[in-house]
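Okay, so here's the structure we're looking at.
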There are 2 protein chains.
Amino acid sequence: MKNLLVGQSGGPTAVINASLYGVVKVALASPEIGHVYGMVNGIEGMLQDHTLDLGESLSEEDLELLKLTPAAYLGSCRYKLPESLTDAFYETIFEKFRRMEIGYFLYIGGNDSMDTVSKLSRYAAHHGSDIRFIGIPKTIDNDLIQTDHTPGYASAAKYVAASVREIALDASVYQQKAVTIVELMGRHAGWLTAASALARKFEGDNPVLIYLPEADFELEQFAKDLKAALEKQNSVVVCVSEGISDASGTFICEYGDEAMIDNFGHKMLTGCGKVLENFIRHRFGVKVRSVELNVNQRCSGMLASETDITEAALAGQKGVEAALAGETGRMVAFERVQAEPYRMECRLVDVNEVCNQEKKVPLEWITGNGSDVGQAFLDYARPLIKGEPKRPMEDGIPKYLYRKG
Amino acid sequence: MKNLLVGQSGGPTAVINASLYGVVKVALASPEIGHVYGMVNGIEGMLQDHTLDLGESLSEEDLELLKLTPAAYLGSCRYKLPESLTDAFYETIFEKFRRMEIGYFLYIGGNDSMDTVSKLSRYAAHHGSDIRFIGIPKTIDNDLIQTDHTPGYASAAKYVAASVREIALDASVYQQKAVTIVELMGRHAGWLTAASALARKFEGDNPVLIYLPEADFELEQFAKDLKAALEKQNSVVVCVSEGISDASGTFICEYGDEAMIDNFGHKMLTGCGKVLENFIRHRFGVKVRSVELNVNQRCSGMLASETDITEAALAGQKGVEAALAGETGRMVAFERVQAEPYRMECRLVDVNEVCNQEKKVPLEWITGNGSDVGQAFLDYARPLIKGEPKRPMEDGIPKYLYRKG
């Protein structure tokens, strides 16, 4: 009887722990599986032999709380595996797997994590290892291909939609002309920014302008769009993705000179909202403020979507079932089998085809000459954000599960 | 039979509409009161004769939704009444009151709004008007004197505490040393920043450092505090009030103003969070990010406190009752008659003594050499943030009431 090893990797989401819940719940109930181990801080922690026996450390009650706890219970990492499968790293890590008698390896993460699953499964195939490697998708960015959507996106989208509705209400209380810029996460894909359209209650409601990184952003066109909007109403809310860039490929935030590079060589974008705030203040002379929803849009459990939580847990469960059925090098994916009423089914896709690719918002969903999203997006996103779980509270704030050790 | 006029003024809160609900509900049920009018955009809108007959425009169902809708349903203003009571403004506005047969004037707001109530009631007294002027307190800043706390504070505090708990979870997922700065509202009073202490679950939990404007903030002392914290744990969350200043009286955010010039050559105004982020990056060389909770901390209904909503509605009700009982120039205030279990009673205070003053966090509640708040604050704030209302949702996000006209 082999053991199961599960880890979390990449940025936190509101439901990455719901997938962990799904994995642990079904694994503990599977007679074919011995211990259920969690890697603390993903593959990076595994290298340091930092693991937990989750069957021992999590009570039934802990598990239910885990399902509703945001961030990443096991801790996470951003660790890029060596490109060459002959690198000593692989021998080291497989030796650790062997010592722990691992038969099933489940990794919950986004693009880079699927790259990890791809490499480990290819190494296993080359070296005759029978460990099965399965990826469970998660990312608020919704940018994984071969899946209708990604666990984590819906809860972030729901938080964005609700927060933007509240910002729009707040911004509308005075009579003065005023512009509010809301900057949302999404470097290359505008899924989260598009979700701000879900905040609208009626035709012409805020946010009246929405800019995604998929379309070129031109300051002069923006000025025209904004002028027209300010002629129609006093309070204009504009939602922009952190990754908007102009036709020359220059990120708008770079005009504020605040670009940095993270460990993966990605530009760390910050501040296009601030740059636009400054631009508007000087060009229009109106009251303007910029709001960055920042990390709370990815890590808040306040408005986690029940649909998202359920689907994330299901993805974890299906991952374990796939591994038990002998699958390896696969990612659990979602297929929308019916639009209305919404119905989703899980399937398995080749993880090698998923990793290191990005799914963008289809250009035909972007309307208003690049300043809005259309009905196709709303129909896509609305079913995903539905439902709210009953959330346990302690002393007036959400109760979450904390890891010990 | 005289009519009642109610208005909202100053910044939005999560429960200013609950006070409006309290006023309208009891006023509509009072046989002594004729029409219940709402000023749109407060006293500024009144000058433009922009009012609504709330008995006509709000259904029973609307009223219940109003109670749970954040921001300011009637719209707001920041309009300072002339200091001299002989200014023509007063004659104009009282003529409008006369034409609308106003007998009761209720104004929901903070410091400046109480100043409005003070001036109008003093003018009335000098000119033999029998209109009764009553103030209903609201402010997320909690800085009104002569009241234990102010409606609006508790919901903002609850949102801050929950958001900071989620930020702390999010920030703890990686192994690397990292600092997260959370900048919170409060220019002169640190009540909201202090609320971040409610996020802690255990001894030593984040946020480990909390700085209020009531204590001098010195960069070198901060660097020492931070160094000590980073030696104990990998992830350090620091909460700061937007209004922290050093012993010379210079706001920390002012240290960023000259450094931040955008590519268009314009000065970029920035908060103290960003200034500290840059300071830490250069001094410590660790991963650092700053998060500004921004307007959502004041306008979000997501985590409105049931206690706050109930008390805000009660304040509105008591205001109408006071006016009917012949009181004028008074503000409804809260008295904590029992600490544990918490019990609050309303009383009336002289609005002239309240306006244009500020209640600060008592210095003896500030601990850790200015870097924390103690048990006295926690005991004060905890009962206020308790309880969550059942919130109606539509299409996956909170349903709120929108004004027509």
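Just the heavy atoms: all of them, side chains too, but no hydrogens, waters or symmetry mates, feed the values below. What you are looking at is a predicted structure, and each value in this text was computed from that prediction instead of being measured. So that the names make sense, note that chain A is the first sequence line, chain B the second, and so on, each numbered from 1.
Listed by sequence position, B/E292, B/L293, B/N294, B/V295, B/N296, B/R298, B/C299, B/S300, B/G301, B/M302 are the residues of residues 292-302 of chain B in contact with chain A, using a 4.5 angstrom heavy-atom cutoff.
Note on ring orientation: taking the six-membered ring where Trp is involved, the planes of A/H149 and A/Y342 are tilted (angle from 30° to 60°).
For the residue pair A/T69/A/N17, the side-chain donor-acceptor check at 3.5 Å is not satisfied. Between the side chains of A/Y255 and A/D246, a donor-acceptor pair is found at a separation under 3.5 Å.
Between chain A and the options B/M393, B/E44, B/K386, heavy-atom pairs under 4.5 Å are most frequent for B/M393. Between chain B and the options A/R382, A/E306, A/Q175, heavy-atom pairs under 4.5 Å are most frequent for A/Q175.
Residue contact with chain A, scored on non-hydrogen atoms closer than 4.5 Å, involves the backbone of B/S290 exclusively. With a threshold of 4.5 angstrom between heavy atoms, B/F202 approaches chain A through side-chain atoms but not through N, CA, C or O. Interface residue B/Y402: only side-chain heavy atoms are found under 4.5 Å from chain A. Heavy atoms of B/S76 lying under 4.5 Å from chain A belong to its backbone as well as its side chain.
Listed by chain and number, the residues in a ring pair (Phe, Tyr, Trp, His ring centres under 6.0 Å) with B/Y107 are B/F105 (sequence neighbours excluded). Residues passing the side-chain hydrogen bond (donor to acceptor under 3.5 Å, both in side chains) test with A/K287, sequence neighbours excluded: none. In this structure A/R289 satisfies the salt bridge (charged side-chain N to carboxylate O under 4.0 Å, His left out) test with no other residue, sequence neighbours excluded.
Note on B/E388 versus B/K158: salt bridge recorded, some NZ/NE/NH1/NH2 to OD/OE distance being below 4.0 Å. With respect to B/R165 and A/E394, a salt bridge is recorded, a charged nitrogen being found less than 4.0 Å from a carboxylate O.
Residue B/Y153 is tested with B/I385, B/T139, B/L192, B/V15 for a side-chain contact (heavy atoms from CB on, under 4.5 Å); the sole match is B/L192.
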